[in-house]
Chemist: 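Can you keep this structure in mind? I'll have questions shortly.
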Amino acid sequence: MTEPALPRTRPDLDALPPYVPGRTVPGAVKLASNETTAGPLPSVARAIADAAATANRYPDSGAAALTARLAARAGVLPENVAVGCGSVSLCQQLVQATCDPGDEVVFAWRSFEAYPIVTQVALASPVPVPLDADDAHDLDAMAAAVTDRTRVVFVCNPNNPTGTFVGAQAIEEFLAKIPPHVVVALDEAYIEYARPGDGRTDLPRAADPALPDAAVPDSLAIARRHPNVIVLRTFSKAYGLAGVRVGYGIGHTSLIGALRKVFVPFSVSTLAQAAAVACLDAEEELLERTEAVVAERARMAAALTDAGYRVAPSAANFLWLPLGARSAEYADRSADAQVIIRPYGDDGVRITVGTPEENDAFLAFATGAEALRIAGV
Ligand SMILES: *Cc1c(COP(=O)(O)O)cnc(C)c1O
């Protein structure tokens, strides 16, 4: 009997690496996905429960209430705001909305795993630019990688998975080198964890008075001055809604309009919209929580440095240990010790900063003889 022919799919998809999510192991401490450990605030859980009562109706595809709130908060018009099913969806929409087949998308590497995937899904060509010796964006090399075919440059700031951060002045100098028709996406999924002074070097105060702080870029002001800049943010990280799926972009109306054209209709649910609005109502309380993470980040980095590790300076809710070829074994032994961290090929491991107890569990492993031996410190 002959087998029926299989449905034909794009052969190039066979070569596409799948997105690898952080592992979840029942009973283990999960420090692998940069989530917040605390669940949603009661007010946010209530908003989700209330929204569930209207689950028989389609969501407002334009997310009018949430869009209006985000616009008012950023001092822009609703036409400058696009809401998406997580900001990873906005990354994909951005490439779809700007690239013809063969056009180029520039990003640092390592950086967010989704960039090469969304690029190739859109039949565009990924142009990864190696991080510098400090695990930070090499913005000069990225600017030099821009060609006539470049449509988008992703700048992940702070960078996932290394946590490194580029300051306002470096961003401005970079933008001055980028042709105005090339879109620069400032992916700020972790910006709520960045603090003045987190920049890799102690940057001098910017000469431009529009930049009040040289260390933490005012990306919304930058986007107002540069129509080719779009700022991508998410409710998944500091706002604690990773399971609900909502993010947003802020930029010029022409870009935002194009993103909306390629939006999958209704892909931001009523529950997600209600949860995001409730988070904005409780924003002070949620952002206050980031202080504890920032303090724990410093404590963990100090303990690891004291133990002999090289720790990349982090402006995010995670730490990066550049362990090279030892990364996979290190992460496996950590999992054996009931702490799930995230290995990245032969580059390093990323550890999310959790609660003090969770972090202590990782530090107990990391400062033990076996971990130190594997890490070679
Ligand atoms: C987590 C993350 C996002 C967004 O995630 P969503 O859950 O899709 O909003 C975007 N960029 C980076 C770099 C991230 O790490």
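One-based numbering, in listed order, for ligands and for the atoms of each.
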Chemist: Does NZ or CZ of R350 lie under 6.0 Å from the centre of the six-membered ring of F318, at an angle within 45° of the ring axis?
Modeler: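 That pair qualifies as a cation-pi contact.
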
Chemist: Does the side chain of S89 come under 3.5 Å of the side chain of Q93 through a donor N or O and an acceptor N or O?
Modeler: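 Judged by distance alone, the side chains do pair up.
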
Chemist: Salt bridge or not between R310 and D135? Use side-chain N to carboxylate O under 4.0 Å.
Modeler: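 A salt bridge is present here (some side-chain N lies under 4.0 Å from a carboxylate O).
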
Chemist: Centres of the F165 and Y190 rings: under 6.0 Å?
Modeler: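 Ring centres of Y190 and F165 not closer than 6.0 Å.
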
Chemist: N159 and S111: side-chain donor and acceptor closer than 3.5 Å?
Modeler: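 Side chains of N159 and S111: pair found under 3.5 Å.
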
Chemist: Strictly under 4.0 angstrom, heavy-atom based: which residues surround ligand 1?
Modeler: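 The 4.0 Å shell around ligand 1 contains G86, S87, V88, F112, C156, N160, D187, A189, Y190, T234, S236, K237, R245.
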
Chemist: Are side-chain N/O atoms of E35 and T352 paired as donor and acceptor at under 3.5 Å?
Modeler: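 There is no such pair (donor and acceptor under 3.5 Å, judged by atom type) between the side chains of E35 and T352.
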
